[in-house]
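Everything on this sheet refers to the single structure shown next.
Chain letters run A, B, ... following the sequence lines, proteins first and then strands; every chain starts at 1. What you see below is based on every heavy atom in this structure, not just the backbone, and it leaves out hydrogens, waters and symmetry mates.
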Amino acid sequence: MKKKIYKLVQFFVLAALMVCLSSCGSSSEKVDFSTQIKPILNNKCITCHGGVKKNGGFSVLFEEEAFADTKSGKPAIIRGDASGSELIRRLNEDDPELRMPYEKSKLSDQEIDLLTRWIDQGAEWGEHWAYSLPENVEVPAITQEASFASKGNSDFLKNNIDNFIYARLKNEGLQPNPSAEKNSIARRLALDITGLPSSQKLFQNFESGKLTYEELVDSLLTKPTYGEKWATWWLDLARYADSKGYEKDMGRSIWQYRDWVIKSFNKDLPYNQFTTEQLAGDLLPEPSVDQLIATAFHRNTMNNDEGGTDDEEYRVATVIDRLNTTFEVWQSTTIGCVQCHSHPYDPFKHEEYYNLMAFFNNSRDEDTPSESPVLKFYSPEQQKNVDKVLNWISKNGNAAQLTTYKNFLQFTEPVYKSHFFKEFKNSVYDDHASVVFWDDGNCVIENGYTNNASYVYLNYSSHYDNTKMIIRDGNAEGPILGQFTINKTKENTTSQFPIKRIDKKTNIYIETQNNAVAPEINILNAYWMGFIEDMPEKGKSGFRAVNAAFLGALNAKTETVPIMAENPQYMKRTTQVFDRGSFMIKTDTVAPTTPGSLNEWNTDWPQNRLGLSKWIVSKRNPLTARTLVNRVWHQIYGQGLVSTIEDIGSQSEPPSHPALLDWLALRFMNEHNWSMKALIKEIVMSGTYRQSSESTPEMYELDPENELYARGPRIRLSAEQIRDQALAVAGLLSSKMYGPGVMPPQPDGVWKTVYNSAQWIESKGEDRYRRGVYTYLKRTSPYPAFLTFDAGSREVCTIRRTITNTPLQALVTLNDPVYLEASYQLAKNTFQAANVDERIASAYKKATLSEIEPATLSALKELYENSLNEFNQNTKAAGLFLRFEDKPTPELAAMTVVSNAIMNLDEFLTKA
Amino acid sequence: MEELIKKLLQEKLARETQAKTRRHFIKNCAQGLGGLALSSIFVGCDPLGKPQQKSQVSFSERDLNPLATLAPPFGPNVKSVIYLHMAGAPSQLEMFDYKPALQKLSGQDCPQSLLEGKKFAFIKGTPKLLGPQAEFKQEGESGNWVSNFMPHFKKVVDDVAFLKAVHTDQFNHGPAQLFMHTGSARLGRPSIGAWATYGLGSENQNLPGFVVLTSGGNTPDAGKSVWGSGFLPSVYQGVQCRSEGDPVLYIEDPDGITRDLKKSTIDAINKINKAEYAKYADPEILARINQYEMAYRMQIAVPEVMNINSEPENIKQMYGVEPGKESFANNCLLARKLVEDGVRFVQLFDWGWDTHGNVREGSIDLGLRNKCREIDRPITALILDLKQRGLLDETLIVWGGEFGRTPMQENRGNTKMAYMGRDHHGDAFTMWMAGGGIKKGASHGKTDDIGFSGIEGRVSVHDVHATILHLLGFDHEQFTHEFQGRNFRLTDVEGEVIREILA
């Protein structure tokens with residue numbers, strides 16, 4: 001809810017200075033496009049002369065447009081000739097019908113003067129700072145002044161970050177805060193790195209001097225809890241959830257992706273690789289299982305299982321989401337605008353959107369309920385079958401065959417799913433799940449390809465014996481490719497039937513006959529039909545066993561995770577521009593390319609997602625490293641160096657410390673080699689970070705957002721952290737990692753989803769006390785206490801959780817049984833202490849790492865006495881309150897009330 | 001404690017005012033210098049959509065209490081909205097849109113010309129037309145048509161204004177509900193109620209500003225996103241008040257804890273937080289002190305307002321309530337109590353209106369009649385009750401579904417349907433509004449003879465939104481919020497106020 005006022009003040013003061021410098025100085029002084037002209041164009045002109053509207057055929061969005069002929073047949077800007085330029089003439093026009101901006105107030109004299117001089121000086125077009133990255137940045141030299149040391153903050157300068165921060169502080173005439181106390185900094189650091197409070201032991205080692213600050217940092221960075229903390233942030237960006245979203249919102253098994261993120265953070269997978277594996281792990285040579293799991297990043301898109309929905313419509317929605325998310329996550333750019341028209345402000349063109357979309361338009365997934373392709377995890381026993389097949393092919397076949405079979409065994413693609421089937425007769429498209437055949441039923445796969453294979457693979461469940469299925473080339477009269485008998489199955493089965501080999505695309509005609517069954521009765525549900533190239537050496541001895549192993553593996557029931565897989569050549573989709581963003585109206589066909597205003601494409605890169613990922617993590621990309629650095633900074637300080645962390649571009653806020661942003665970005669790529677741990681360490685090692693966050697009303701007024709960094713960060717903890725911390729200080733938190741989402745207690749009746757019988761089944765044992773990152777997240781109904789503390793439902797990419805402060809939050813930490821149980825445990829653990837004062841002080845210290853102040857102690861003691869009094873008077877109350885306890889005493893009940901109050905203190909809920 | 005909070009607030013307000021004056025000066029100064037006034041920063045993030053008013057908005061009040069009341073820019077017609085959504089989409093052809101010609105054509109093949117280029121959720125091939133399954137009469141002085149499925153409704157027919165030709169481009173429940181409530185079929189946009197509370201705050205600080213009540217056994221198809229806050233702060237999302245369990249999650253004190261003890265707890269917390277403020281000067285601490293006081297009051301106010309037992313017997317009968325159960329009738333009575341207590345936006349969802357004809361409850365002739373029975377009396381009572389309390393003029397009631405239903409009988413994929421049913425249909429359906437600022441007894445828009453398409457007075461979902469915002473005192477084109485570099489509105493880039501139904 002805070003406002004960016006101070007930033008404005010800063011900007012206006014700076015801007016005022018700039019104007020003064022430029023207008024007070026010599027009029028021949030060079031006008032700078034990026035800082036002086038572009039803001040005027042963006043604010044005063046671009047709404048009518050930009051990406052959306054090009055009134056009069058004039059646009060100032062792109063250089064070539066700005067100098068092109070307008071509708072009048074002449075350009076509006078003539079380089080070097082302001083007086084001859086229609087633009088300037090229109091700005092000075094007296095007739096309100098002709099004067100620009102139309103129906104708005106006239107530009108100021110200074111603005112017109114700037115534009116005039118700019119044109120006279122040759123109207124040099126420049127690039128916005130966001131779209132180019134400097135090659136190096138110099139660290140400001142700082143000379144410490146006497147006053148600096150005398151204020152007790154002589155140790156502010158810890159690393160180069162501080163030089164940048166101090167340079168600006170000095171300009172503003174401000175001094176940094178002294179360093180934070182050891183307990184404060186230890187708590188802050190542990191929360192920032194691991195998301196949890198520091199263990200008492202680690203803190204004692206630091207407090208006693210056994211560990212230096214740097215050793216404390218290093219020790220925290222090696223904890224597995226580090227990965228859990230930072231994964232929580234990344235999973236918001238990745239829109240990770242345990243359900244598919246939309247109406248039915250069925251469960252989805254994709255937790256292996258969450259675990260992959262945690263593991264990747266913990267092993268400090270370099271960010272460029274982290275990026276490539278998520279965007280294109282499947283396209284890497286010989287991808288590992290982990291690299292395939294990583295691609296689930298883009299399988300976190302929603303899947304619409306609602307009856308009557310069009311798979312193609314929602315497949316396209318998914319592709320659009322992938323593109324938008326990729327740009328939001330890696331480029332701080334809202335490319336979504338460009339779906340319907342050229343970007344209103346940023347230099348991206350309408351067609352470029354579809355060029356980008358082409359990168360994502362050829363993955364196999366198709367919004368089907370099965371979510372295919374899904375990566376299968378075979379048990380060691382099942383794996384024996386897989387190995388048998390792959391060994392055979394390695395020995396007898398070629399590399400291409402090996403890949404085909406490996407893929408088919410890993411994720412059963414490519415296959416034709418139900419929506420490929422058309423022209424139903426006595427057969428029914430059973431709403432995107434399957435095709436239902438009746439007696440004398442038929443339908444076709446239009447323009448299908450049998451891959452010149454000798455077998456068809458059919459996935460089906462059959463409800464009767466002796467159904468004859470005939471497959472023909474073309475139509476009902478076409479030559480028979482295969483005919484076979486299908487018997488009743490107990491469950492969904494994949495079978496192999498022989499067919500004649502044909503090497504061409506054709507309509508594959510399928511018919512069923514079973515006259516023992518009455519008309520219009522469902523004989524069988526067909527889920528998919530697949531044709532893959534034959535296995536080599538079918539005649540060789542041992543083949544039968546291998547083939548049986550293959551079918552065994554195809555029918556194995558396994559754990560799965562949805563992944564990305566690319567279309568084979570014969571299934572490739574072309575990508576067309578959608579007229580005004582509507583997928584129903586398609587126009588020009590486009591190829592996959594990246595926007596012209598960003599870094600160049602290297603022709604060595606493949607024109608697919610893998611190439612795109614390389615383009616993103618190219619050191620020449622001006623946005624990737626800045627985006628990451630800015631967001632990591634935001635995680636730690638509660639705001640970015642560019643405060644609009646969603647947007648680094650023409651409409652974003654200017655950076656508070658432009659040189660620091662670039663310096664960190666360059667260092668991240670070139671010196672830290674994309675190591676996120678190194679980046680985080682650099683930030684937390686700075687004197688800037690280690691300042692006390694204490695402040696005064698005057699300081700707050702001067703810099704409410706702390707964008708000058710004259711004090712340490714102070715931010716409310718996230719939803720997950722609040723719960724994790726309560727469990728941790730109570731000694732309840734489980735350290736168990738990984739696995740399916742868990743269901744800690746939540747009130748009854750929260751889940752009520754249509755056509756979905758899934759239940760919230762309360763987890764047992766330690767699963768009730770796992771970290772928030774493992775809590776099952778159902779998109780249409782997330783864990784309510786997290787929602788209240790501003791966690792989202794992860795339906796789409798969430799870059800920022802807006803922090804709110806509401807009475808409903810108070811109700812959670814006061815009344816939710818989770819916090820009561822934690823309070824009770826915290827209380828119980830203090831009972832070794834001799835007296836009430838010591839117990840309260842000990843609970844307080846466990847919660848905050850701080851020694852209790854006398855005033856705090858007296859307030860809590862008063863509460864304790866009031867409570868004790870009540871519980872003594874009403875003897876049953878303690879038993880009702882402490883339902884976890886066999887022997888509820890009034891003392892324990894009163895101490896529980898006090899512990900709960902501690903867990904509701906601002907100090908506890910906030911990182912300071 | 002109250003005193004302390006007040007004092008702290010006053011101190012903070014004073015500081016803010018000081019700061020504001022300075023900001024104001026610098027802003028004007030910068031504008032005067034020219035070329036540098038980033039006016040776009042001021043436009044957009046302003047709930048009132050008026051840049052020059054930005055500096056007038058009290059930052060501090062909103063900092064401390066995001067639901068603090070704000071006046072609308074254009075003076076409101078109404079203070080509160082009660083939005084009644086029939087999830088699943090009710091059949092306009094059996095309720096309000098009388099089509100005698102459809103009766104005559106019943107059983108005939110639907111003309112191909114109507115089917116060409118159309119997509120239906122389930123209908124395949126050529127379906128047959130299906131005449132109205134209810135009987136219609138003209139009612140009241142307005143002479144508007146109402147079917148015998150809604151026998152009570154005739155008492156209030158002269159209070160409502162019908163929209164007979166609403167259209168939507170979505171024909172699946174989830175996306176259509178999202179579109180109807182957020183202006184977008186995709187997730188991520190704020191709901192109407194969120195916009196309203198963002199723009200106006202709430203009149204009662206002891207209750208949530210935006211309350212959601214559900215009935216029919218399920219939450220809506222689109223899930224909680226239909227009352228979500230999208231990119232607005234989460235404090236503006238709807239709070240679901242439940243008929244079973246805690247009316248608001250965690251509102252009840254734990255067993256064994258008395259109100260006095262809760263008060264002592266909050267007093268202790270706030271006392272220590274006050275000392276915290278002295279150390280850190282972070283206004284968030286003041287906000288938290290405030291929120292804890294509010295939470296305490298809310299714990300009393302919410303159960304009180306959610307208790308319908310205390311209502312007089314005649315009122316209970318009027319609505320047909322069933323205390324202790326989850327019912328639409330209970331929710332209508334609760335809606336009245338909530339707006340009476342100053343809640344800004346009350347959203348009712350009643351699930352079970354999807355009448356394809358595949359099951360008995362989902363049939364046009366049987367199931368729909370039952371659903372109508374469940375809503376007829378309570379809706380009539382709600383309008384009459386608000387009227388007798390003088391609240392109807394300051395309350396807007398909106399009724400509708402996410403789309404309408406086809407004039408054709410559903411023929412799902414070659415199978416015979418067990419019951420009479422109609423498929424989803426977005427081309428033309430009926431909604432109505434009643435209350436403050438609405439022309440009584442009006443009927444706007446007309447569909448063709450079989451009710452397939454609107455032929456006069458077609459209005460879009462965006463138009464409906466523009467009208468609701470207009471009645472709340474906003475210009476829908478100026479009421480924006482900046483997110484990811486763009487100004488977003490409830491009505492996206494469309495929408496016109498439906499003047500024909502305004503008083």
Quick check on [X] against chain A: is it the side chain, the backbone, both or neither that has a heavy atom closer than 4.5 Å?
X: D260(B); value: both
X: S225(B); value: side chain
X: Q205(B); value: neither
X: Q177(B); value: neither
X: F171(B); value: side chain

Distance check, rounded to the nearest 0.5 Å: [X] atom [atom1] versus [Y] atom [atom2]?
X: Y296(B); Y: L814(A); atom1: OH; atom2: CG; answer: 12.0 Å
X: K262(B); Y: N900(A); atom1: NZ; atom2: CG; answer: 7.5 Å
X: L808(A); Y: L249(B); atom1: CG; atom2: CG; answer: 9.0 Å
X: L905(A); Y: Y292(B); atom1: CG; atom2: OH; answer: 8.0 Å
X: E795(A); Y: L178(B); atom1: CD; atom2: CG; answer: 8.0 Å
X: T813(A); Y: I269(B); atom1: OG1; atom2: CD1; answer: 7.5 Å

Top contributor to chain A interface from G174(B), G228(B), P254(B), P175(B) [non-hydrogen pairs under 4.5 Å]
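Looking at each option in turn, the highest pair count goes to P254(B).
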For the interface with chain A, which of V226(B), N273(B), V239(B) has the highest count of heavy-atom pairs at distances below 4.5 Å?
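It is N273(B).
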Looking only at heavy atoms and a cut-off of under 4.5 Å, which of A859(A), G649(A), P747(A) has the most pairs with chain B?
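The candidate making the most pairs under 4.5 Å is P747(A).
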Tell me which of these, V796(A), L115(A), D816(A), has more heavy-atom pairs under 4.5 Å with chain B than the rest.
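Looking at each option in turn, the highest pair count goes to D816(A).
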Least distance between heavy atoms, [X] atom then [Y] atom:
X: T910(A); Y: R288(B); value: OG1-NH2, 4.3 Å
X: L811(A); Y: M298(B); value: CD1-SD, 4.5 Å
X: Y700(A); Y: A281(B); value: CD1-O, 2.9 Å

Measure distances from [X] to the heavy atoms of chain B and classify the residue's part below 4.5 Å as side chain, backbone, both or neither.
X: M302(A); value: side chain
X: I902(A); value: neither
X: A912(A); value: side chain
X: E907(A); value: both
X: A855(A); value: neither
X: R883(A); value: neither
X: L909(A); value: side chain
X: E694(A); value: both
X: T856(A); value: both
X: Y314(A); value: side chain

Between the side chains of N866(A) and K263(B), does any donor sit under 3.5 Å from an acceptor?
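Absent: no donor and acceptor within the cut-off.
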Between N805(A) and E284(B): side-chain donor-acceptor atoms closer than 3.5 Å
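Yes, a side-chain donor-acceptor pair sits under 3.5 Å.
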Between E276(B) and R714(A), does at least one N-O distance fall below 4.0 Å, as a salt bridge requires?
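Looking at R714(A) together with E276(B), the answer is yes, because their closest N to O distance falls below 4.0 Å.
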Before you tell me yes or no, could you show the steps for F871(A) and I257(B) under side chain to side chain contact (heavy atoms under 4.5 Å, CB included), namely the whole-Å CA-CA distance, both residues' side-chain angles and the distance that decides it to 0.1 Å?
CA-CA 9 Å; F871(A) 288 117; I257(B) 298 293; 4.0 Å; yes
S692(A) vs Y280(B) side-chain heavy atoms within contact, under 4.5 Å:
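Side chain of S692(A) against side chain of Y280(B), heavy atoms only: no contact under 4.5 Å found.
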Taking the side chain as every heavy atom from C-beta outward, state whether L860(A) and I272(B) have any atom pair closer than 4.5 Å.
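Side-chain contact under 4.5 Å: yes.
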Quick check: does any side chain N or O of E306(A) sit under 3.5 Å from a backbone N or O of H173(B), one acting as donor and the other as acceptor?
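Indeed, once roles are kept as given, a pair shorter than 3.5 Å links the two residues.
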Is it true that a side-chain atom of D906(A) and a backbone atom of I285(B) form a donor plus acceptor pair closer than 3.5 Å?
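No; zero donor-acceptor contacts below 3.5 Å.
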Within 6.0 angstrom of [X] [atom1], more than 12 heavy atoms from elsewhere:
X: R259(B); atom1: CZ; result: yes
X: E853(A); atom1: CD; result: no
X: N874(A); atom1: CG; result: yes

Check step by step if side chain to side chain contact (heavy atoms under 4.5 Å, CB included) holds for L261(B) and F881(A).
CA-CA 12 Å; L261(B) 193 45; F881(A) 181 47; over 6 Å; no
